[in-house]
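A, B, ... follow the sequence lines: proteins, then strands. Residue 1 opens every chain. All values derive from a computational prediction rather than experimental measurement.
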2 protein chains.
Amino acid sequence: MAVTIRDVAKLAGTSITAVSAALNNTSGSTIRVSQATRERIYDAAAQLGYVSNPIAKSLATGKTKVLGLMLPYADAFVDQNPFSNQVMSGIMREVVHRHYNLMLYTATSGIQKDRAAMLVDSKIEGLLVVMPPEDSAIFLKCKKRNIPYVSILDRPTAGSWSVNSDDYTGGRMAAEHLVKLGHKRMAHLMGSPDVSTSHLRAKGFRDVLEEAAIELREDLIVQSGFDWRLGLDSTEQLLQRGVKEMPTAIFAANDLCAEGAIRAIRAAGLSVPNDIAVVGYDDTWYATLTQPPLTTVHMPIEEMGEMAARMLIARLEGEDEIDPQPILPVSLTVRNSCGAHLAPFVDGTKQSPPVRQ
Amino acid sequence: MAVTIRDVAKLAGTSITAVSAALNNTSGSTIRVSQATRERIYDAAAQLGYVSNPIAKSLATGKTKVLGLMLPYADAFVDQNPFSNQVMSGIMREVVHRHYNLMLYTATSGIQKDRAAMLVDSKIEGLLVVMPPEDSAIFLKCKKRNIPYVSILDRPTAGSWSVNSDDYTGGRMAAEHLVKLGHKRMAHLMGSPDVSTSHLRAKGFRDVLEEAAIELREDLIVQSGFDWRLGLDSTEQLLQRGVKEMPTAIFAANDLCAEGAIRAIRAAGLSVPNDIAVVGYDDTWYATLTQPPLTTVHMPIEEMGEMAARMLIARLEGEDEIDPQPILPVSLTVRNSCGAHLAPFVDGTKQSPPVRQ
DNA sequence: GTTGTTTGATGAAGCGGTTTATCACAATCG
DNA sequence: CGATTGTGATAAACCGCTTCATCAAACAAC
């Protein structure tokens, strides 16, 4: 039905081999094609509207030029969190750039985790996994099939390839910002306990308080989560301590969690940032929509996706000298939820905002 | 390297043909395999850990069991709008259920539209396109290659396959709700003018006002867009008319646009819903996060994705009797942005909320 | 003038499956 | 009992492309 390489060869009056070589611009091969025949072949191909069949090519070469992307195991996460979108954007950018394709896998409602792993077949050369659960069956499968993989947001272990951002420093930045603004009683709403990022951020937060010689209250470091409902609930509980005991600042697990915190605070008749300052994490587009706009730790999400794709492709192409566990830098995006826009720093010309003692 | 069908045949002491037939549970074929050999083959396959190579299979059968998904041409849309996530969820559900795979394509920053179309190759059997621009090169390409496609949210044209929701009725529902609540001066922030949905919704809105014998003010039906910034800007302009002339209710292009409207209203020192009621469209997860939570027209986004995938697969498998242009029903999700929760309906037991004349 | 070497080109063997055509043999039938 | 039917199995062609091994001719070197 479709026009094949044979048809081109016939029309050009050459061998199939020549067509293949000419069309692939083979350079390192032993096969040579003269300029004259090369042009005859081009003409014939153009005339017939020939496009090479990638399936046949894959079978012959053993390469598909397709990467897999496994999105995290939660509908809510995928649906509600802008994170996966951004990471996908980054991945796509690199994948397109390197002339690869992307095959999508998710373990959404209805199928078990392990069913999802089954789907990963030899159509793909490598796999990108976002926020894999601890004991994912996918990795076993990949290892058995010898499919290289790179995970995004995963605790780096020996020999693993994973892209992370600097969660520890992120935690520090949030804390440092609050400390500079004069806060003494700060709470941290921790993210999901089974991802390492949560602990690293908390550690950064703790270390800064310690270095600043601020009393570390363990009861202000509470388990919350990456959902705004959880942020709301946790904050409500913190507020029940009464004015004297409640924190003057909250470092939330992520932007959505911060949204919940802000709501709880406002619902209690208090003001952000005047009564309680709030810092988020991620700096997704959502951070501009909170009221007030959220001061938050910026995570280079797209870059992480891009980096992961780049690493995986580099590995597939046998490139050398790839750092298998890069940690991308974070930064602090200052908006209005901490009052820093009113009086940036204690050491600046303006007064620091009033902070309840 | 990997174990092939030949290895299995050798170990089982049968022909390759028999292995192929046995493992595919061929029923309609002329090839028969006895129960005894069948089991020998199963054993051998299990023993060797054989998995069939989908590439080779594709080459032989001409089918790849892969669908393509082309996401819309805008970074902001993909990144910020929960829509594409939800539609993807729906598609994945059906795709997994029917044992297909999904290949992702996007035209993100850096590559031209037409480059994106180039990427679509014969690796896919069919293509799903979300919100295609008018004169997309993709469709030409698909037609040339004879790749069937189904579009989601696209003006249905003769012979096209596309999934839509009932935008006209959606527009009506929003308007009817407001009319029931006693509003007389209503505005509509229209969505992007180059998608048909915008016009259909506006038409529904207009028709209801007309039927209710409410004066139709064309200057209150303004061009806005699917972004919250646009909603904010448009609403600010509406508010500049002064209290006597400003609308008592606004029907926004979508939830994000409604968010902008709410902000503008509150920034002007007015209240939602007491001064101005707001209705959104889409009912994405974001609608629960506006303040107050948004009354909005629910669009069955996941179902639309699922439906599109189902149609495409049905077509590929030669199934008959498929409606090529289904229109899925919408409904109204009533929350707090119109005051209906305070006094549901004029014909109910409660008083309708006070509405400025 | 014989021997290398380079250039241009090709046939044929895969890659790992599916499928058609063919065949041996046992069972059923008039 | 010869003819027909059904069952079980297989060899070989094919899907469309890459690539190895090979070769003829032109060219350079000794």
Separation between OG1 (A:Thr106) and CG (A:Leu69), nearest 0.5 Å, reads 9.5 Å
CD of A:Glu125 to CG of A:Asn101, rounded to nearest 0.5 Å, is 10.5 Å
**Prompt:** Can you check whether A:Asp7 reaches A:Thr4 side chain to side chain, under 4.5 Å on heavy atoms?
**Reply:** yes
Angle separating the five-pair end axes of the helix from C:dG1-D:dC30 to C:dG30-D:dC1, nearest 10°, is 50°
Here the pair of heavy atoms bringing A:Leu67 nearest to A:Ile124 is C-CG2, 4.0 Å
Result for salt bridge (Lys or Arg N to Asp or Glu O under 4.0 Å) between B:Arg310 and one of B:Glu303, B:Glu319, B:Glu94 points to B:Glu94
Between [X] and [N], is there a side-chain N or O to OP1/OP2 distance below 4.0 Å?
X: B:Thr37; N: D:dG8; result: no
X: B:Ser20; N: C:dT18; result: yes
X: B:Lys57; N: C:dG16; result: no
X: A:Asn53; N: D:dC15; result: no

Using whole Å, what does the distance between atom [atom2] of nucleotide [N] and atom [atom1] of [X] come to?
X: A:Ile5; N: D:dT19; atom1: CD1; atom2: P; value: 11 Å
X: B:Lys63; N: C:dG17; atom1: NZ; atom2: P; value: 19 Å
X: B:Tyr50; N: C:dG16; atom1: OH; atom2: P; value: 10 Å
X: B:Ile16; N: D:dA9; atom1: CD1; atom2: C1'; value: 13 Å
X: B:Arg32; N: C:dT19; atom1: CZ; atom2: C1'; value: 14 Å
X: B:Leu59; N: C:dG14; atom1: CG; atom2: P; value: 17 Å
X: A:Lys10; N: D:dG16; atom1: NZ; atom2: C1'; value: 14 Å
X: A:Asp121; N: C:dG16; atom1: CG; atom2: P; value: 15 Å

May I ask you to say what [X] touches in the nucleic acid, namely base, sugar-phosphate or nothing, with a heavy-atom cut-off under 4.0 Å?
X: A:Ile55; answer: nothing
X: A:Thr14; answer: sugar-phosphate
X: A:Ser52; answer: sugar-phosphate

Could one point to a donor on the side chain of [X] or the base of [N] with an acceptor on the other under 3.5 Å away?
X: B:Thr4; N: C:dG17; value: no
X: B:Thr17; N: D:dA11; value: yes
X: A:Thr61; N: D:dT19; value: no

Contacts of B:Ser34 and B:Ala60 projected onto DNA chain D by closest heavy atom; the upstream (5') one is B:Ser34
Residue pair B:Arg40/A:Ala18 against DNA chain D: nearer the 5' end by closest nucleotide is B:Arg40
Assert: residue with more 5' nearest nucleotide on DNA chain C, out of A:Gln35 and A:Arg6, is A:Gln35
Next on the checklist: Main chain of B:Asp154, side chain of B:Asn164: is a donor-acceptor contact present, judged purely on distance under 3.5 Å?
Outcome noted: yes
Next item on the list: Quick one: do B:Leu312 and B:Tyr100 satisfy side chain to side chain contact (heavy atoms under 4.5 Å, CB included)? Show the steps, please.
Entry: CA-CA 11 Å; B:Leu312 187 53; B:Tyr100 274 71; over 6 Å; no
Residues pairing under salt bridge (charged side-chain N to carboxylate O under 4.0 Å, His left out) where one sits in residues 48-67 of chain A, two or more places apart or in two chains, turn out to be A:Lys65-A:Glu317
